[in-house]
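Just so it is clear, the structure is predicted and the values come from calculations on it, not from any experiment.
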Amino acid sequence: MNANEPAVELSIIIASYNSERTIEGCLDSLRHQDADRDFEIIVIDSSSNDTAAKIVEEKFPEARLYRFSKRKFVGDARNFGISKASGRIIAFVDADCRVAKNWVNEILKNHSSPYLAIGGAIANGNPESYVGWAAYLCEFSQWMPNTAPGWFVDMAGANISYKKDIFGKYGGFIEGTYSSDTEFHWRIGKDGLRIRFIPAILVFHNNIKGLAEFLRHEYYHGRSFARVRANSQGFSGPRRWAYGVCSCFILMKLFLAVTIRNLRNKRDIAHFIKASPLLALGLFSWVSGECAGYIRPFDRNVKYRIGR
């Protein structure tokens, strides 16, 4: 191998926070890849206890574990992982996901193209739960299996990969908040870059199963999205208020968009119908959070710093 070539072609980065129930399944699915080439796994754990870290240390010694006592948001953790990665391709998967057996090979095959950013399909990893279905449809209906390949302006960080050079040009993810992947995609989108969606790159996401936790999660993420959007796009006070008031009226639009995606996809229509009342509640929580995020002042303890 040439001295200037990376030790591995692909670096897989996993941000872990209180993932003791799912991290083993995630790493086990990576261990059993039908991969033609070597890859490295980097786990950044900032859980409130050491249970997940012990699982990684004891059962998956092939993974490189970095442990932090203070919580890192996912953008913060990914920036740290990028700084330790040796591959020319950086792939992200969430600790609550399992990957298909050909996941690594599909990423490597598709990155032989000039595409800088490539995302994949996200399937429901716990289909026995109707709250899980509502959570899944709230967050991932744009990228369901059976969705045709195409170009997207945004992709979920649960299943996305980039050529590492992109971070040298655009910096890393903003830190101290959720929605860091969306903000990064807005940033690269200013130069006309889009994300190529390849449904053959498949993961299975384990979703929230408790109703109260689901509703809190959607509210918090909606609020974080609004604050990141207003901050990154320099919203004035009047503009924040205008977006806050208008966001109260988008619930039906969001529900209709999810409905149309399911009808077109034709994969899980029965589950969509049964979970639709819970889906509506989840979307209401998101919209309420988004409205609050625009109207309420920014959290001064959050620093929307772009990582390098």
Side-chain angles (χ1 to χ4, degrees), residues 14-29 43 45-49 51-52 55 71-75 77-78 92-99 120-145 154-160 177-182 202-228 251 254-255 257-259 261-262 265 267-268 270-290 292-293:
I14 304 169
S16 167
Y17 177 72
N18 292 350
S19 62
E20 61 272 9
R21 291 179 296 177
T22 59
I23 189 67
E24 184 172 352
C26 178
L27 291 173
D28 190 64
S29 69
V43 179
D45 183 77
S46 60
S47 301
S48 57
N49 60 59
T51 305
I55 291 172
R71 182 184 182 182
K72 282 185 173 291
F73 280 88
V74 67
R78 287 172 178 167
F92 298 111
V93 63
D94 285 352
D96 52 7
C97 290
R98 304 183 310 277
V99 304
I122 302 172
N124 187 354
N126 54 332
E128 73 284 353
S129 166
Y130 282 114
V131 174
W133 270 109
Y136 169 75
L137 292 168
C138 267
E139 298 199 17
F140 304 118
S141 66
Q142 295 182 69
W143 312 293
M144 292 183 290
D154 191 22
M155 282 286 304
N159 185 17
I160 196 163
T177 182
Y178 288 111
S179 299
S180 56
D181 45 3
T182 295
L202 176 65
V203 305
F204 301 84
H205 187 273
N206 289 293
N207 305 286
I208 295 170
K209 294 189 289 187
L211 179 59
E213 182 185 3
F214 163 52
L215 297 179
R216 285 194 302 270
H217 175 86
E218 293 305 317
Y219 177 88
Y220 189 76
H221 275 247
R223 188 181 68 178
S224 298
F225 170 83
R227 290 179 171 177
V228 167
L251 175 61
L254 293 176
F255 187 85
V258 177
T259 301
R261 289 177 196 136
N262 276 269
N265 191 274
R267 176 182 169 92
D268 298 308
H271 290 109
F272 163 74
I273 293 172
K274 292 177 181 179
S276 58
L278 296 175
L279 170 63
L281 280 176
L283 291 174
F284 177 79
S285 292
W286 171 280
V287 168
S288 299
E290 189 173 348

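Using a distance-only test at 3.5 Å, with no hydrogens or angles considered, no donor-acceptor pair links the side chain of Asn126 to the main chain of Asn206. Judged purely by atom type and a 3.5 angstrom limit, Trp133 has no side-chain atom pairing as donor or acceptor with the backbone of Phe272. Checking side-chain atoms of Tyr136 against main-chain N and O of Ile122 turns up a donor-acceptor pair under 3.5 Å. Looking at Arg78, its side chain does come within 3.5 Å of a backbone N or O of Gly157 through a donor-acceptor pair. A distance-only check finds a donor-acceptor pair linking the side chain of Ser47 to the backbone of Asn18 [under 3.5 Å]. Within the 3.5 Å criterion, the main-chain N or O of Arg98 finds no donor-acceptor partner in the side chain of Ser29. Between the side chain of Asp94 and the backbone N or O of Asp96 there is no donor-acceptor pair closer than 3.5 Å. A side-chain donor-acceptor contact under 3.5 Å links Ser276 to the backbone of Ile273.
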task: Step by step, work out the side-chain contact (heavy atoms from CB on, under 4.5 Å) result for Glu218 and Leu281.
output: CA-CA 10 Å; Glu218 293 305 317; Leu281 280 176; over 6 Å; no
Going through the distances and angles, do Ile55 and Leu27 end up as a side-chain contact (heavy atoms from CB on, under 4.5 Å)? CA-CA 10 Å; Ile55 291 172; Leu27 291 173; 5.8 Å; no
Go through it in stages, so that I can follow the logic: the residues are Thr182 and Val228, the test is side-chain contact (heavy atoms from CB on, under 4.5 Å), and I'd like the CA-CA distance, side-chain angles, deciding distance and then a yes or no. CA-CA 9 Å; Thr182 295; Val228 167; over 6 Å; no
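Between Ser224 and Thr177, the shortest heavy-atom contact is CB-OG1, 4.1 Å. Ser16 and Ala52 get closest at one heavy-atom pair: OG-CB, 4.1 Å. Nearest heavy atoms, Val131 versus Phe214: CG1-CB, 3.9 Å.
Within the 4.5 Å cutoff, side-chain heavy atoms of Tyr130 are placed close to those of Leu278. Looking only at side-chain heavy atoms (C-beta outward), Ile160 and Asp181 stay at 4.5 Å or farther from each other.
To the nearest 0.5 Å, the span separating SG on Cys138 from NE2 on His217 amounts to 9.0 Å. Separation of atoms NE2 (His205) and SG (Cys97) is listed at 4.5 Å; rounding is to 0.5 Å. The line from CG of Asn124 to CG of Asn207 is 5.0 Å long, rounded to the nearest 0.5 Å. Annotation: the span from Met144 atom CE to Arg267 atom CZ amounts to 9.0 Å, rounded to 0.5 Å. Remark: Leu254 CG to Thr259 OG1 distance equals 10.5 Å, nearest 0.5 Å. Here the OG-CZ distance, from Ser288 to Arg223, works out to 12.0 Å after rounding to the nearest 0.5 Å.
For Phe255, there are no ring-ring contact (aromatic ring centres under 6.0 Å, His included) partners at least two apart in sequence or on another chain. Under the salt bridge (charged side-chain N to carboxylate O under 4.0 Å, His left out) criterion, Asp45 pairs with Arg67, sequence neighbours left out.
The environment of CZ in Arg21 is sparse: at most 12 heavy-atom neighbours from other residues, nucleotides or ligands sit within 6.0 Å.
The one candidate from Tyr220, Trp286, Tyr219 that meets the ring-ring contact (aromatic ring centres under 6.0 Å, His included) condition with Phe225 is Trp286.
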